[in-house]
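To start, the structure under review is shown below, and the notes come after it.
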Amino acid sequence: MTFDLTRIRHVVLDLDGTLYRGDRLFEVTIPFLARLSRLGIGHTFLTNNTSRSKSDYVLKLQGLGIDASESQIATPADTTITYLRERLPQVRAISVLGTPSLCQQFEEAGFTVGWDSPGAVVVGFDTTLDYDRLCRAAYWIGEGRPFLATHPDLICPTDQPTILVDCGALCACLTAATGKEPVVLGKPDPSILLELCNRFGLAKDEVAMVGDRIYTDIAMARRAAVPGVLVLSGEATKADAVALEQPPDLIVADVGELGERLERARTVGAQQ
């Protein structure tokens with residue numbers, strides 16, 4: 001696929017590691033978003049972190065000075081709800097290893113959330129994890145209930161001196177205990193990207209996926225056949241990227257550089 005920056009009409013933006021790190025907003029973020037608006041390029045915020053609801057993310061982004069609405073935010077909770085409705089329509093009661101915020105999203109979607117004889121087990125990024133619920137999840141998975149992971153991330157980025165154990169690591173624990181592998185949703189599953197293309201009526205080469213993780217953000221772009229832009233402001237390094245057999249379509253230091261390239265491409269294109 002030839003990556004033509006002049007074709008881009010919408011960018012899908014990862015959050016942590018791309019626009020901010022923990023609670024620290026990157027200096028280039030606000031000017032980048034303003035540049036997108038000036039160029040007439042739309043944007044959607046897409047995160048694999050299911051510890052917060054869309055309304056929580058709106059509050060976080062607004063607290064960082066980023067104007068955002070719930071309609072601009074996509075999370076794997078959306079994909080998981082769609083999967084349950086389409087692939088497991090008989091399931092109405094689920095057990096969720098996740099935050100109260102994640103549980104509320106499933107309840108608002110019409111599911112009963114609890115630990116008594118669930119039809120499926122959903123594992124997310126559970127910052128409220130306790131041992132008893134972990135063991136209950138393992139029990140029902142071991143009993144053969146469908147095992148769904150909202151996303152594969154092993155850790156969540158942070159600017160604090162700690163490691164935030166994420167959904168993928170919790171699932172590895174449950175797999176070790178039960179011998180069962182989860183159905184993994186969220187990035188790098190291409191569903192959300194493809195749905196966004198359909199929603200906005202855009203061709204695949206008119207949408208770019210921008211993120212800092214090769215195995216989620218860039219892998220998702222590749223699976224959806226949309227341009228993938230790797231920013232080096234988060235997890236991945238340039239050495240990681242150039243070592244790939246199939247590198248990202250574009251590698252930039254941060255979203256600020258991406259904005260500059262988009263504007264330069266538009267300017268050159270207009271002069272030709």
Side-chain angles (χ1 to χ4, degrees), residues 3 11-30 32-33 43-52 57 60-61 64 66 73-77 79 99 123-127 129 149-173 182 184-190 192-193 207-224 226-261:
F3 185 23
V11 292
V12 182
L13 301 166
D14 173 59
L15 292 177
D16 213 329
T18 300
L19 301 183
Y20 55 77
R21 183 81 174 194
D23 291 319
R24 180 176 64 86
L25 184 72
F26 297 144
E27 291 181 1
V28 295
T29 297
I30 300 298
F32 166 70
L33 294 174
H43 62 276
T44 297
F45 303 111
L46 171 58
T47 177
N48 257 4
N49 187 335
T50 54
S51 67
R52 291 185 171 98
Y57 274 112
K60 178 178 176 65
L61 290 170
L64 291 171
I66 298 174
I73 296 170
T75 81
T79 312
T99 60
V123 181
F125 177 28
D126 191 357
T127 56
L129 180 69
T150 60
H151 58 290
D153 299 44
L154 299 172
I155 62 172
C156 179
T158 179
D159 56 355
Q160 300 301 310
T162 187
I163 291 178
L164 300 178
V165 177
D166 209 331
C167 180
L170 294 182
C171 289
C173 170
V184 182
L185 303 164
K187 296 182 285 186
D189 182 89
I192 296 178
L193 269 184
V207 176
M209 177 66 220
V210 184
D212 69 304
R213 287 188 169 186
I214 292 170
Y215 70 96
T216 56
D217 302 309
I218 303 307
M220 181 189 208
R222 188 173 299 123
R223 292 184 187 184
V226 307
V229 180
L230 180 70
V231 292
L232 302 179
S233 52
E235 178 180 290
T237 65
K238 189 169 185 178
D240 294 331
V242 298
L244 292 173
E245 184 175 328
Q246 187 176 354
D249 297 284
L250 180 64
I251 303 171
V252 293
D254 51 36
V255 291
E257 182 183 344
L258 173 60
E260 291 170 1
R261 290 193 179 214

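Predicted model, so just to flag it, every value in this text is computed and none were measured.
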> Quick one: which of V229, V210, L230 gives a side chain to side chain contact (heavy atoms under 4.5 Å, CB included) with V252?
Replying inline: V229
> Less than 4.5 Å apart, any side-chain heavy atom of R21 and any of D16?
Replying inline: yes
> Less than 4.5 Å apart, any side-chain heavy atom of L33 and any of L13?
Replying inline: yes
>> Using the rule given for side chain to side chain contact (heavy atoms under 4.5 Å, CB included), can you reason through D166 versus N48, listing the C-alpha separation, both sets of side-chain angles and the distance that settles it, and then say yes or no?
In response: CA-CA 10 Å; D166 209 331; N48 257 4; over 6 Å; no
>> Given 3.5 Å as the limit, does a donor-acceptor pair link the side chain of D212 with the main chain of S233, or not?
In response: no
>> Contact between L46 and M220 at the side-chain level, heavy atoms closer than 4.5 Å - yes or no?
In response: yes
>> Looking at every non-hydrogen atom in both residues, tell me the closest pair between T29 and L19 and how far apart they are.
In response: OG1-O, 2.6 Å
> Are L164 and F125 close enough that some pair of their side-chain heavy atoms sits under 4.5 Å apart?
Replying inline: yes
> Could you go step by step and tell me if N49 and T75 meet the side chain to side chain contact (heavy atoms under 4.5 Å, CB included) rule?
Replying inline: CA-CA 7 Å; N49 187 335; T75 81; over 6 Å; no
> Does the side chain of D153 reach to within under 4.5 Å of the side chain of R213, using non-hydrogen atoms?
Replying inline: yes
> Of the non-hydrogen atoms in T18 and G211, which two are nearest, and what is the gap between them?
Replying inline: OG1-CA, 3.4 Å
>> Go through it in stages, so that I can follow the logic: the residues are Y20 and L64, the test is side chain to side chain contact (heavy atoms under 4.5 Å, CB included), and I'd like the CA-CA distance, side-chain angles, deciding distance and then a yes or no.
In response: CA-CA 9 Å; Y20 55 77; L64 291 171; 3.6 Å; yes
>> If you compare all heavy atoms of A149 against all heavy atoms of C167, which two are closest, and at what distance to 0.1 Å?
In response: CB-SG, 4.0 Å
> If you take all heavy atoms of G168 and L154, which pair is closest and at what distance?
Replying inline: C-CD2, 3.7 Å
> Near L244 CG, under 6.0 Å, is it more than 12 heavy atoms from other residues, nucleotides or ligands?
Replying inline: yes
>> What's the separation between atom CZ in F32 and atom NE2 in H43, rounded to the nearest 0.5 Å?
In response: 8.5 Å
> How far apart are the closest heavy atoms of L170 and G124, and which atoms are they?
Replying inline: CD1-O, 3.7 Å
>> Within the 4.5 Å heavy-atom criterion, are H151 and T79 side-chain neighbours or not?
In response: no
> Given the rule in the side chain to side chain donor-acceptor pair (under 3.5 Å) test, do S51 and T127 qualify, once you have shown the distances and angles that lead to the verdict?
Replying inline: CA-CA 7 Å; S51 67; T127 56; 5.1 Å; no
> If you round to the nearest 0.5 Å, how far is NZ of K238 from CG of L232?
Replying inline: 7.5 Å
> Are T47 and R52 side-chain neighbours, meaning at least one heavy-atom pair lies under 4.5 Å?
Replying inline: no
>> With side chain to side chain contact (heavy atoms under 4.5 Å, CB included) as the criterion, how do K187 and D14 come out once you've worked through the C-alpha distance, each side chain's angles and the decisive distance to 0.1 Å?
In response: CA-CA 10 Å; K187 296 182 285 186; D14 173 59; 2.9 Å; yes
>> Does this structure show an ion pair linking D189 with R223, if we count only N-O contacts that are shorter than 4.0 Å?
In response: no
>> As an exercise, state the distance from CG of D240 to CD1 of I214, rounded to the nearest 0.5 Å.
In response: 5.0 Å
> Nearest 0.5 Å, what's the OG1-CE distance between T216 and M209?
Replying inline: 7.5 Å
> Is there side-chain contact between D254 and E257, with at least one heavy-atom pair below 4.5 Å?
Replying inline: yes
>> Looking at every heavy atom in both P76 and T50, which two are closest together, and how far apart are they?
In response: CD-CG2, 3.8 Å
